[in-house]
Chemist: 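Here it is: the structure, laid out below.
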4 protein chains.
Amino acid sequence: MYQTLREKSAAILEATGPYRRVGHAIDIFLIVLILSNVVAIVLESEAKIAKAYKLEFFYFEMISVAIFAVEYLLRLWCCVDKFDYRTLEISEWKKRVKYVFSPLAIIDLVAILPTILMAFITFDLRFLRVIRLLRIFKLTRYSRAMQLLLAAFKEESSSLLAAFFIMNVVLIMASCGIYLLEHDIQPDKFGSIPKAMWWAMATLTTVGYGDVVPITPLGQLFGGVITLLSMGMVAIPTGLLASSFANQLRKRREVFNEAILHALVDGEVDRNERAHLDALRTELGLSHIEANQAIKMMTSQRVSTLYCRHCGKKL
Amino acid sequence: MYQTLREKSAAILEATGPYRRVGHAIDIFLIVLILSNVVAIVLESEAKIAKAYKLEFFYFEMISVAIFAVEYLLRLWCCVDKFDYRTLEISEWKKRVKYVFSPLAIIDLVAILPTILMAFITFDLRFLRVIRLLRIFKLTRYSRAMQLLLAAFKEESSSLLAAFFIMNVVLIMASCGIYLLEHDIQPDKFGSIPKAMWWAMATLTTVGYGDVVPITPLGQLFGGVITLLSMGMVAIPTGLLASSFANQLRKRREVFNEAILHALVDGEVDRNERAHLDALRTELGLSHIEANQAIKMMTSQRVSTLYCRHCGKKL
Amino acid sequence: MYQTLREKSAAILEATGPYRRVGHAIDIFLIVLILSNVVAIVLESEAKIAKAYKLEFFYFEMISVAIFAVEYLLRLWCCVDKFDYRTLEISEWKKRVKYVFSPLAIIDLVAILPTILMAFITFDLRFLRVIRLLRIFKLTRYSRAMQLLLAAFKEESSSLLAAFFIMNVVLIMASCGIYLLEHDIQPDKFGSIPKAMWWAMATLTTVGYGDVVPITPLGQLFGGVITLLSMGMVAIPTGLLASSFANQLRKRREVFNEAILHALVDGEVDRNERAHLDALRTELGLSHIEANQAIKMMTSQRVSTLYCRHCGKKL
Amino acid sequence: MYQTLREKSAAILEATGPYRRVGHAIDIFLIVLILSNVVAIVLESEAKIAKAYKLEFFYFEMISVAIFAVEYLLRLWCCVDKFDYRTLEISEWKKRVKYVFSPLAIIDLVAILPTILMAFITFDLRFLRVIRLLRIFKLTRYSRAMQLLLAAFKEESSSLLAAFFIMNVVLIMASCGIYLLEHDIQPDKFGSIPKAMWWAMATLTTVGYGDVVPITPLGQLFGGVITLLSMGMVAIPTGLLASSFANQLRKRREVFNEAILHALVDGEVDRNERAHLDALRTELGLSHIEANQAIKMMTSQRVSTLYCRHCGKKL
């Protein structure tokens with residue numbers, strides 16, 4: 001099945017077929033490496049630690065980037081044999097170009113670029129050092145649940161954008177109101193609408209730092225109204241996401257029930273169908289108990305309710 | 001279909017029929033203009049910027065208001081031929097009066113009024129300048145998702161009002177309690193119930209500025225209880241909106257499913273019905289994937305339950 | 001129907017039958033009076049205002065309490081003929097005793113008691129004055145939506161109690177941890193576990209005053225973990241209420257659908273049934289649109305789906 | 001049924017069979033003792049109180065630990081006859097080992113260990129004293145609702161972990177951004193990424209202490225964006241839990257409805273079935289009203305759909 005070296009590499013990187021175990025081991029190694037990198041970069045920002053372990057940080061960075069670079073080139077080389085690219089009827093080079101501009105490949109590139117740039121540019125080292133933290137996004141590849149979360153965000157995106165728009169309108173109104181009321185008494189804090197926005201933002205998101213606060217009675221009355229509005233501002237995205245998550249869950253359940261119905265056409269769930277349902281269950285992220293209950297319930301319903309009105313037999 | 005100039009103008013402003021493209025271009029131009037206006041007014045509130053670009057701001061404002069005024073008069077002139085006014089059996093002038101007092105027309109008027117007033121009144125220029133920010137509400141016309149959000153708010157309005165009422169009762173009780181406990185020790189901060197309300201409001205909405213804080217042990221005990229209550233205060237509107245959004249989504253899905261059922265009366269979804277379903281899908285704000293899944297699922301259910309597997313007849 | 005004066009009074013106070021209008025007018029008068037009282041008491045706590053309008057406040061209070069007292073006595077007198085007491089087979093005096101100890105009657109008594117006490121006791125006037133604010137609870141009688149909210153709270157009470165219990169465990173653990181870590185450096189702020197609770201409470205409820213804050217690196221690390229936990233603490237009650245509200249809504253819809261099914265037994269919804277459904281709709285707090293849609297949908301479903309397997313006829 | 005002393009003890013500790021009352025009395029005694037212990041330890045951390053009541057605290061602690069130790073040994077002795085261990089086909093000693101490593105037994109051990117250790121070690125008394133607070137977890141045994149809450153957490157654990165992961169990515173990005181922007185102006189507060197995390201954590205969880213705050217315009221702009229993101233961070237776990245709680249509720253209802261359907265096979269719910277349903281209702285944590293409504297509704301549906309109105313036969 002996987003004959004050439006390139007096909008084997010692709011299978012290992014995707015952890016499919018007989019290379020499942022090797023692939024998973026490599027995945028875990030990379031995850032640990034990414035996390036160690038993040039910890040190292042965070043610690044390196046502390047001046048004392050950076051000085052004390054200068055060489056260690058340097059070697060660790062070099063080795064990490066080398067590994068990430070090898071990974072990047074390897075993926076680029078064998079992307080042609082990836083599961084979802086294999087059946088595409090375009091030339092190998094077009095596949096490679098397509099891969100290079102895919103989100104995951106861009107993230108992989110961003111993970112190695114800053115260090116390579118640092119060798120050439122000496123302009124703003126600190127910025128480049130910190131930007132290496134972006135390699136944390138390499139973890140996206142490994143989190144299925146996060147992909148489900150992002151799907152929920154995407155689905156509700158138009159409503160969330162509307163919520164964001166409302167938030168902005170309220171934000172501008174709040175800044176403008178507090179600017180009018182507190183402008184003269186606290187010119188250093190509410191001297192212009194952009195300055196007043198800092199207070200409005202901290203208030204509307206219920207963060208409430210307290211470094212900037214209205215002090216006139218009218219300003220506090222207005223501020224009180226804004227704190228009340230803040231509850232609505234927080235409630236809208238939360239409500240939208242809660243409703244969206246519930247909807248996602250319902251749809252996944254429905255897909256699963258549909259599969260059960262399909263398996264029940266012949267009256268019972270046999271062993272093959274059971275294995276198929278189990279694979280689907282894992283993919284949809286449903287729990288064992290829930291799946292079993294659904295199968296049990298639909299089986300009993302199937303048996304008890306449907307009769308033909310012509311011949312009177314059980315369906 | 002659109003013969004007179006007035007009818008054509010109405011069609012352009014509503015972006016319907018053959019004038020869809022022109023209408024959309026004008027919409028986008030107006031949206032950009034509104035946003036630029038908001039940015040300009042916000043920046044103008046910064047004294048330095050206002051001084052440096054005084055003339056530019058003035059010309060931009062004049063041109064903007066001129067455009068908005070033309071838009072207002074145009075809409076007023078051809079509102080008679082609007083889609084939802086055309087069939088009304090009242091005289092043209094009554095339609096115009098009706099239009100003038102519609103929310104969107106009032107928003108349009110508010111957008112130009114302050115600048116016109118500024119030419120005559122010299123009384124409080126800053127207030128008038130800032131009040132021009134209200135023209136951000138002109139954007140309401142263009143956001144469908146926001147209209148859906150507002151619908152959810154409206155539907156749950158009686159429950160939200162009840163939540164607001166409970167909030168007020170708790171607010172008054174909290175202010176009154178902290179006033180009794182901290183009145184003597186911090187007379188400048190908790191000297192009266194209205195003053196104590198500032199603390200109560202910041203606490204109950206979980207904003208928590210920290211500029212005013214109880215310091216006596218008893219006051220802190222009471223404050224602790226109020227912080228606990230604040231979680232409930234935040235939970236109520238959030239819970240209500242979450243439940244309301246979920247309900248809205250469910251109802252939109254039901255309307256869509258009903259339409260699918262209707263299209264499936266003859267056993268399949270033909271091209272016309274598909275186009276109709278797609279239009280409905282857009283209007284209801286459902287995603288492509290969800291709609292296709294619903295159609296697929298209902299078609300298969302229809303097929304699997306509508307024929308007997310024994311006698312093969314339709315049920 | 002309402003013959004004696006007492007029966008008439010009961011009907012007026014309950015705003016039923018022919019006395020609906022008069023009853024509602026009295027309700028509105030009392031609501032306005034209660035709200036004015038609350039405003040007056042809040043303002044009176046401001047020393048300047050209290051001094052300037054001493055006499056006005058005194059007369060307003062006297063008149064208000066007189067009216068509330070008359071209301072209380074009137075309700076006590078004619079509670080025997082209340083709708084839900086009329087059919088009870090107990091003596092008139094037992095009904096009165098039962099009424100006196102009902103929540104609404106206790107609230108009514110609490111509204112007048114402090115002022116009456118003030119005439120006799122001269123001990124702590126300020127406390128008694130503020131306690132008069134409890135008369136705001138008299139408004140409970142008039143808010144149906146609030147009663148629905150309270151029902152949701154009551155239904156979810158066992159889960160909310162469990163959430164409250166978890167909150168307390170986390171609170172104690174957080175206080176105890178921060179006490180161990182910050183005890184030596186900030187003895188005035190984290191000198192004992194009860195003191196540390198003030199910080200833990202402000203943090204776990206995401207209020208975050210900032211008057212007390214860990215300053216050691218270890219304390220801040222621990223504090224960071226607690227802020228993360230705070231999101232869970234806020235999420236639990238919100239999630240519970242959201243789920244509970246959604247459940248309430250669903251149940252109300254089901255009751256309504258059941259009523260529609262009942263009305264559809266003869267195949268259509270006639271005028272009487274329509275009126276009955278409309279009354280039920282108002283009671284359940286469902287919107288017009290939702291109710292109509294449910295009726296339409298169930299009517300069409302009824303027609304299209306059910307056939308007898310014996311005779312093959314439509315059900 | 002319960003013959004040996006060990007069997008009787010097990011029955012008492014589990015409050016089953018004829019020993020229900022005695023078992024519940026012991027439960028309540030232990031709950032009160034645990035709560036008193038917690039209160040005592042919290043108060044003892046206050047130096048003044050600890051000094052004043054030194055002896056009382058000591059005796060109370062000794063007696064408490066003695067009782068907890070007896071309880072622990074008793075449970076260990078008769079765990080062999082526990083309801084869920086009785087039918088296990090392993091030797092008595094294996095059961096005991098299995099019990100010792102069960103979560104509840106570990107909690108019980110942790111409750112007595114610190115005090116026993118204190119007799120031997122004199123190293124860090126304060127730490128050991130405070131660690132005794134862990135005995136609050138002994139309450140877990142008695143709270144069914146909390147076990148349901150924990151089940152909801154467990155079920156949604158993969159999504160919550162994903163949310164936690166996203167939170168961490170955003171946290172690191174926020175710390176790194178604010179570090180770059182505020183590093184030079186406030187080196188004591190944003191001098192390194194770990195230091196900047198304190199601000200990022202307080203902001204992203206909407207706690208917002210305000211002890212550390214960006215002051216440069218660019219830093220405040222970035223801070224404003226982070227406050228906006230904080231709303232999303234709070235919304236994700238809340239939305240997940242809301243959806244999960246709703247799902248749990250739905251599943252419990254479905255289990256209950258399934259049981260009703262089962263009981264309705266013979267057309268009605270008889271007394272035995274009623275008792276069985278009631279036990280199930282308690283176990284599932286459904287309210288009386290809800291259960292009755294479900295039974296009533298399913299009975300009427302069963303009746304109305306199971307007979308043809310034309311031929312009168314059962315469907």
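Any value given below was found using the heavy atoms of this structure, including those in side chains, with hydrogens, waters and symmetry copies removed.
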Chemist: Side chains of D:Ile136 and C:Met173: does their closest heavy-atom pair fall under 4.5 Å?
Modeler: yes
Chemist: Could you list the residues that satisfy side chain to side chain contact (heavy atoms under 4.5 Å, CB included) with D:Leu229, not counting sequence neighbours?
Modeler: D:Val170, D:Leu204, D:Ile226
Chemist: Non-hydrogen atoms of chain D under 4.5 Å away: do they reach the side chain of C:Ala163, the backbone, both or neither?
Modeler: both
Chemist: Taking the side chain as every heavy atom from C-beta outward, state whether C:Thr206 and D:Thr205 have any atom pair closer than 4.5 Å.
Modeler: no
Chemist: Using non-hydrogen atoms and a 4.5 Å limit, figure out which bit of C:Leu161 sits close to chain D: side chain, backbone, both or neither.
Modeler: neither
Chemist: If you count the non-hydrogen atoms of other residues, nucleotides and ligands that lie under 6.0 Å from CZ in D:Phe57, is the total more than 12?
Modeler: yes
Chemist: Are side-chain heavy atoms of C:Met231 and D:Thr238 found at a separation under 4.5 Å?
Modeler: no
Chemist: What part of C:Ile236 lies closer than 4.5 angstrom to a heavy atom of chain D: side chain, backbone, both or neither?
Modeler: both
Chemist: Heavy-atom distance under 4.5 Å to chain C: side chain of D:Met167, backbone, both or neither?
Modeler: side chain
Chemist: Kindly list each side-chain donor-acceptor pair under 3.5 angstrom involving residues 211-223 of chain C, sequence neighbours excluded, with atom names and distances?
Modeler:
{"residue": "C:Asp211", "atom": "OD2", "partner": "C:Trp198", "partner atom": "NE1", "Å": "3.0"}
{"residue": "C:Thr216", "atom": "OG1", "partner": "C:Glu182", "partner atom": "OE2", "Å": "2.6"}
{"residue": "C:Thr216", "atom": "OG1", "partner": "C:Gly219", "partner atom": "N", "Å": "2.9"}
{"residue": "C:Gln220", "atom": "NE2", "partner": "C:Pro214", "partner atom": "O", "Å": "3.3"}

Chemist: State, to 0.1 Å, how close C:Thr227 and D:Met201 come at their nearest heavy-atom pair, and which atoms those are.
Modeler: OG1-CG, 3.6 Å
Chemist: Does C:Ala202 have any side chain to side chain contact (heavy atoms under 4.5 Å, CB included) partners at least two apart in sequence or in another chain, and if so, which?
Modeler: C:Tyr209
Chemist: Under 4.5 Å, heavy atom to heavy atom, which residues of residues 42-52 of chain D contact chain C?
Modeler: D:Val42, D:Ser45, D:Glu46
Chemist: CZ of D:Phe164: more than 12 outside heavy atoms within 6.0 angstrom?
Modeler: no
Chemist: Taking side chain as everything from C-beta outward and backbone as N, CA, C, O, which of these in C:Thr203 sits under 4.5 Å from a heavy atom of chain D? Side chain, backbone, both or neither.
Modeler: both
Chemist: Pick one of side chain, backbone, both or neither for C:Ala242, based on which atoms fall under 4.5 Å of a heavy atom in chain D.
Modeler: side chain
Chemist: Where do D:Phe245 and C:Leu240 come nearest, in terms of heavy atoms and distance?
Modeler: CD1-N, 3.4 Å
Chemist: Highest number of heavy-atom pairs under 4.5 Å with chain D: which of C:Asn168, C:Leu228, C:Val207, C:Val234?
Modeler: C:Leu228
